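What you are looking at is a predicted structure, and each value in this text was computed from that prediction instead of being measured. Labels below follow one simple rule: chain letters A, B, ... track the order of the sequence lines, proteins then strands, and each chain is numbered from 1.
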Number of protein chains: 4
Amino acid sequence: MIDAVHEQWSIEFNSGIPVYKQIINHICSALASGSLKEGDRLPTIRQLHEQFDVNPNTVAKAYRELELTGIIATERGNGSFIKAGAEPERLSEVDQREKLQSFYRRMLTEAAGCGLTEDQLINHIIERKKDEPVH
Amino acid sequence: MIDAVHEQWSIEFNSGIPVYKQIINHICSALASGSLKEGDRLPTIRQLHEQFDVNPNTVAKAYRELELTGIIATERGNGSFIKAGAEPERLSEVDQREKLQSFYRRMLTEAAGCGLTEDQLINHIIERKKDEPVH
Amino acid sequence: MIDAVHEQWSIEFNSGIPVYKQIINHICSALASGSLKEGDRLPTIRQLHEQFDVNPNTVAKAYRELELTGIIATERGNGSFIKAGAEPERLSEVDQREKLQSFYRRMLTEAAGCGLTEDQLINHIIERKKDEPVH
Amino acid sequence: MIDAVHEQWSIEFNSGIPVYKQIINHICSALASGSLKEGDRLPTIRQLHEQFDVNPNTVAKAYRELELTGIIATERGNGSFIKAGAEPERLSEVDQREKLQSFYRRMLTEAAGCGLTEDQLINHIIERKKDEPVH
DNA sequence: GTGGTCTAGACCACC
DNA sequence: GTGGTCTAGACCACG
């Protein structure tokens, strides 16, 4: 069953990252990793609403943006699908580094606010990697 | 010079984390790391305003929250100070793991939204660590 | 109609007591008197803004402080509610006496500044009490 | 010793009433009650500063305003004195009622914020009156 | 110089 | 519609 792709997604309210953007991220991520491909059917708004307790309007907003950027196509009364030729965003090497930098720095700042050090962060990441080498 | 503690702080606009919360994080972090101690004077609202080009009200909001939560004490017309007995938030092992999980997951999701993989993230973090082994 | 609780509140500008603190006082008072209970919805920021001609930001500041002190909980896009377990501040006998002393002394001093005597104050209070024996 | 008039004054920081206005109030009050009369010498700025831990500038501001309104006269290097013909502010009956109303309402609101009722306030005032019938 | 309060108005996320 | 964040700018009290 194709809809299973979203079963390990997580939505964090109060994370600062808009919920609708988290949904977009998850879909783009699935696209990049290959778990979603051209023509695949996305979970319906109702499904996401029920699974993550996200307001349907918020899901709709995510899908609307994805449609505007040409990633998905919505067929009325039939659901939404990954568009033919949809490509996950490609960043230049430089932009990638910058993004990574930015993400990491943010994580550090937030962690620091809770009294967590960079070493603790790194240890956690490494251990996590060891625990789930497959997946 | 005591005021120097904030000279390496950084504020990221558009990071999703409210600016005022970033300021709070920086202060809590400094408290946890020991670079700020009981009785130390914080940078004035206007200093932070000028240094980071943040609106004074935004800084004031951060300081107000810190005061309400018992971390700092404000003396009218005289500045703000780390309160006697102010304790950096102490998390249990479990809560720490949870926080770390949450931060990391968030970073992953966002990175994925840009087409960046977990491996890229980890590589970036490791390299960064190698580049600045000290400090 | 639940929202009616705030219909007899009054805000005095130029009283020396910050407007946002007056709002907090009114809510704490309603909590203590029982006219607001766990789970009750507070008037929205915009309602108070319109009713008292107070800037929405000022109302928001009051609500924010109430949230930080654990009295109310705010649901984004949905309003603010009295938190489960919210307790009106309980003062010891001694502290009560002290507070009452302090309030009264303050009133006396101010009255005196206008040439009003303690007797005039007391008479006024007693007459007021006689006029509105109920409610 | 004339300077004794201010020995029972009290200054409340954080009461919302500006400190300099509290000083003014005390002096006007003393004038109304007769404990200060034409030609009497006021406590020096330094005295008030030391006794109440009020910044000298703040005392100076109070005296400056009193001078502007014609209540006191300052002789350089010699101190400040109640001016000949100085009269405590006289309010019309109506204004008096209004002031009293306003003071009382404020006291009620503040007390309510601490969970204190009007009855408690009234009882406190009555008891206080009984305890110190003289003075 | 310090912080505190308030206003006005903008934009955003969420219901 | 709800609250959240931020800016800009004013005025005040206090040191």
*Asks:* What is the distance from CD of C:Glu65 to P of E:dG4, rounded to the nearest Å?
*Replies:*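 Those two atoms, CD and P, are 11 Å apart.
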
*Asks:* Could you tell me how far apart C:Asn55 (CG) and F:dA10 (P) are, to the nearest whole angstrom?
*Replies:*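 Spelled out: CG on C:Asn55 to P on F:dA10 is 16 Å.
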
*Asks:* Quick one: is B:Thr44 getting a side-chain N or O under 4.0 Å of the E:dT2 phosphate, OP1 or OP2?
*Replies:*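 For E:dT2, OP1/OP2 do have a side-chain N/O of B:Thr44 under 4.0 Å.
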
*Asks:* Using a strict cut-off of less than 4.0 Å between a Lys/Arg side-chain nitrogen and an Asp/Glu carboxylate oxygen, indicate whether B:Glu110 and A:Arg106 qualify as a salt bridge.
*Replies:*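 Yes, B:Glu110 and A:Arg106 are salt-bridged.
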
*Asks:* Please report the distance, rounded to the nearest Å, between CD1 in C:Ile45 and C1' in F:dG1.
*Replies:*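 Whole-Å distance recorded here is 13 Å.
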
*Asks:* Can you name the closest pair of heavy atoms from D:His49 and D:Val59 and give their distance?
*Replies:*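 That would be N-CG2, 4.4 Å.
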
*Asks:* Starting at atom NZ of C:Lys61, determine the distance to atom C1' of E:dG3, rounded to an integer number of angstrom.
*Replies:*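 Going from C:Lys61 (NZ) to E:dG3 (C1'), I get 10 Å.
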
*Asks:* Starting from C1' on F:dG3, measure out to NE2 on C:His49 and report it in whole angstrom.
*Replies:*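 To the nearest whole Å, that distance equals 14 Å.
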
*Asks:* Rounding to a whole Å, what distance do you find between B:Ile24:CD1 and F:dG4:C1'?
*Replies:*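 Value for this atom pair: 14 Å.
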
*Asks:* Spell out yes or no: do the side chain of C:Arg46 and the base of F:dG1 have one donor N/O and one acceptor N/O closer than 3.5 Å?
*Replies:*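 No pair found.
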
*Asks:* Base, sugar-phosphate or nothing for C:Tyr63? Non-hydrogen atoms, less than 4.0 Å.
*Replies:*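 The answer is nothing, as C:Tyr63 stays clear of every strand by at least 4.0 Å.
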
*Asks:* For D:Gln22 and F:dA13, give me the distance from atom CD to atom C1', rounded to whole Å.
*Replies:*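 Rounding to the nearest Å, CD of D:Gln22 and C1' of F:dA13 are 12 Å apart.
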
*Asks:* So does C:Glu67 pair up with C:Arg64, basic N to acidic O under 4.0 Å?
*Replies:*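 Counted as a salt bridge, because a side-chain N and a carboxylate O are separated by less than 4.0 Å.
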
*Asks:* Answer yes or no: side-chain N or O of A:Asn14 and base N or O of F:dG4 forming a donor-acceptor pair under 3.5 Å.
*Replies:*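 Under the 3.5 Å cut-off, the side chain and the base do not form any donor-acceptor pair.
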
*Asks:* Does E:dC14 have its OP1 or OP2 closer than 4.0 Å to a side-chain nitrogen or oxygen of A:Tyr20?
*Replies:*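 False: A:Tyr20 side-chain N/O out of range (4.0 Å or more) of E:dC14 OP1/OP2.
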
*Asks:* What nucleotide, of E:dT5, E:dT7, F:dC14, holds the atom closest to the side chain of B:Arg76?
*Replies:*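 Between E:dT5, E:dT7, F:dC14, the one nearest the side chain of B:Arg76 would be F:dC14.
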
*Asks:* Consider the side chain of C:Pro18, meaning its heavy atoms from C-beta on, and name the nucleotide among E:dG3, F:dT7, E:dT5 that approaches it most closely.
*Replies:*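 The answer is E:dT5.
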
*Asks:* So C:Thr58, base contact, sugar-phosphate only, or nothing? Heavy-atom distance under 4.0 Å.
*Replies:*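 It contacts base atoms.
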
*Asks:* Just call it for B:Val19: base, sugar-phosphate, or nothing, with non-hydrogen atoms closer than 4.0 Å on any strand.
*Replies:*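 The residue B:Val19 makes sugar-phosphate contact but no base contact.
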
